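This report refers to the structure that appears directly beneath it.
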Number of protein chains: 2
Amino acid sequence: MTEKEARERFIDSWGTMGALWGINASVARVHALLLLTDGPLSLDEIARHLAISRGNASMSLKELKTWGIIRLVKAPGDRQDYYVTEPDAWRIFFLIARGRKRREFDPLLGVVNETLTAMPKGAGAVPGRIRQLQDLLQTLDWLGEAALANEDRCRTALAMMSKLLGAKKKG
Amino acid sequence: MTEKEARERFIDSWGTMGALWGINASVARVHALLLLTDGPLSLDEIARHLAISRGNASMSLKELKTWGIIRLVKAPGDRQDYYVTEPDAWRIFFLIARGRKRREFDPLLGVVNETLTAMPKGAGAVPGRIRQLQDLLQTLDWLGEAALANEDRCRTALAMMSKLLGAKKKG
DNA sequence: TGCTACATTCAAAATGTATTGAATGTTTAT
DNA sequence: ATAAACATTCAATACATTTTGAATGTAGCA
């Protein structure tokens with residue numbers, strides 16, 4: 001495979017993955033392009049490379065900015081806005097995870113708690129089932145909070161595990 | 001809040017959450033209804049309760065069946081198909097997670113590996129960046145495989161952590 | 001076999017989401 | 001103040017997904 005093909009496949013894959021997980025494909029593709037690019041890219045260059053409109057590029061960059069995973073850089077004597085991605089894969093991961101947890105997961109946990117409160121206790125299997133669901137979500141919540149509150153520790157712990165698992169696999 | 005309101009909120013929330021994570025809202029709502037229902041439900045009852053067509057209900061049930069999180073039950077002397085949900089929240093979680101990992105995550109990891117292979121090593125920050133991304137995905141992959149291969153152990157471990165964390169919070 | 005009671009399929013319609021690009025805002029330089 | 005060079009917005013349009021329901025398939029029963 002040529003490098004060019006590989007780049008295209010990466011961008012497409014990233015976009016597809018994004019779409020499957022509720023992230024707009026254009027947004028994901030813009031980010032993929034930035035990941036594959038060393039220097040800063042202008043809105044124009046991004047729109048041209050991905051064959052999307054400037055408007056779309058602008059919106060996509062706006063969203064990536066609100067997530068905090070890209071950064072605006074200015075070149076002296078140049079009015080254009082240039083963008084670079086946050087280079088650290090782990091930080092990108094945490095930034096996205098934190099946002100989605102707050103916006104999407106936390107409200108669900110709230111609703112499950114409410115549901116359980118409003119539910120009569122005696123009747124059948126349902127209350128126990130929802131109770132167990134609450135338990136599961138609560139555990140995931142604690143786990144998530146702990147991980148997100150201690151990015152560095154979480155990272156280190158996972159890296160250690162990774163090494164151990166990698167060694168195991170080889171040995 | 002009345003019980004009825006709570007049930008509606010739960011179903012809506014489950015559907016919204018599903019939609020945000022790339023699961024069809026009708027499918028998620030059908031499952032939510034089954035979670036909230038003690039006995040088996042027929043296709044007709046489901047369509048009526050959720051105010052969706054029989055066709056839609058049929059498709060949604062089909063999808064839930066392929067995921068293995070609902071089960072068909074037959075009543076003697078009744079030709080209708082009735083459905084119940086897998087009652088165990090953890091098993092539901094694992095069944096969904098396993099399927100999505102295989103279908104969505106694994107191919108992405110493959111593409112990232114290819115990208116890295118096809119990429120010249122010397123040039124700038126990009127190869128290192130993609131390398132780090134590969135590392136992160138690899139770690140998540142190992143973690144996921146380990147968890148999915150040992151449902152019961154994973155469950156126990158998380159339950160223990162949950163208790164410890166819960167105790168900490170109160171104490 | 002033919003009838004009945006159901007489930008399933010799938011083309012068409014409805015709905016929802018993403019994209020475009022002309023119009024509008026903003027900043028900088030003169 | 002004006003123009004030039006850009007970014008942003010948003011109404012219109014294109015595209016994709018979801019939903020419907022009539023047509024079709026299937027299994028049980030007489």
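Keep in mind that the numbers below use all heavy atoms, side chains included, and drop hydrogens, waters and symmetry copies. Predicted model only: the values in this text are computed from it and were never measured.
As judged by a 4.0 angstrom heavy-atom cut-off over every strand, A/Asn56 is placed among the base-contacting residues. Contact annotation for A/Ile52: backbone-only contact, meaning every heavy-atom pair under 4.0 Å involves sugar-phosphate atoms and none involves a base.
The CG-P distance, from A/Leu61 to D/dC6, rounds to 16 Å in whole Å. Residue B/Asp81 contributes atom CG, which lies 15 Å from atom P of D/dT26 at whole-angstrom precision. The NZ atom of A/Lys74 sits 7 Å away from the P atom of D/dA7 (whole-angstrom rounding). Summarising the geometry, the separation between NZ on B/Lys62 and P on D/dT18 is reported as 15 Å, rounded to the nearest angstrom. Residue A/Leu43 contributes atom CG, which lies 9 Å from atom C1' of D/dT8 at whole-angstrom precision. Distance CD (A/Gln80) to C1' (D/dC6): 7 Å, rounded to an integer number of Å. With rounding to whole Å, B/Asp78 atom CG is found 13 Å from D/dG28 atom P. With rounding to whole Å, A/Arg48 atom CZ is found 15 Å from C/dT20 atom P.
Counting non-hydrogen atoms of other residues, nucleotides and ligands closer than 6.0 Å to NZ of A/Lys65 gives a total above 12.
Between A/Gly55 and A/Gly77, the residue anchored closer to the 5' end of DNA chain C is A/Gly55, taking for each the nucleotide with the nearest heavy atom.
Closest to the A/Ser53 side chain, of the nucleotides C/dT19, C/dC6, D/dA7, is C/dT19. Of the candidate nucleotides D/dT9, D/dT8, D/dT20, D/dT9 has the atom lying nearest to any side-chain atom of A/Met59.
Shown for residues 11-42 of chain B: residues whose heavy atoms fall under 4.0 angstrom of DNA chain D, namely B/Asn24, B/Ser26.
The side chain of B/Lys65 places an N or O atom within less than 4.0 Å of a non-bridging phosphate oxygen (OP1 or OP2) of C/dT8.
With B/Leu41 as the partner, the side chain to side chain contact (heavy atoms under 4.5 Å, CB included) test is satisfied by one option alone out of B/Leu43, B/Asp38, B/Asp44, B/Thr37: B/Thr37. A side chain to side chain contact (heavy atoms under 4.5 Å, CB included) with A/Ile23 is found for one member of A/Glu63, A/Arg100, A/Met17, A/His31 and no other, namely A/Arg100.
In this structure, OH in B/Tyr82 is found 11.0 Å from CD1 in B/Ile46, a value given to the nearest 0.5 Å. The CG atom of A/Leu35 sits 11.0 Å away from atom CZ of A/Arg7, with the distance rounded to the nearest 0.5 Å. Atom CH2 in A/Trp90 sits 4.5 Å away from atom CG in A/Leu158 (nearest 0.5 Å).
Under a 4.0 Å N-O distance rule, the pair B/Asp88/A/Arg129 does not qualify as a salt bridge. The pair B/Glu114-A/Arg9 counts as a salt bridge, with a side-chain nitrogen and a carboxylate oxygen less than 4.0 angstrom apart. The residues A/Glu151 and A/Arg91 are annotated as salt-bridged, a charged nitrogen and a carboxylate oxygen being separated by less than 4.0 angstrom.
Comparing the start and finish of the helix from C/dT1-D/dA30 to C/dT30-D/dA1, five pairs each, the helix axis swings through 10°, to the nearest 10 degrees.
Side-chain N/O atoms of A/Arg79 and base N/O atoms of D/dA7 include no donor-acceptor pair closer than 3.5 Å. Side-chain to base pairing of A/Arg54 with D/dT8: no donor and acceptor N or O lie closer than 3.5 Å to each other.
Among residues two or more places apart in sequence or in another chain, the side chain to side chain contact (heavy atoms under 4.5 Å, CB included) test is passed with A/Leu148 by A/Phe94, A/Ala97, A/Arg98, A/Lys101.
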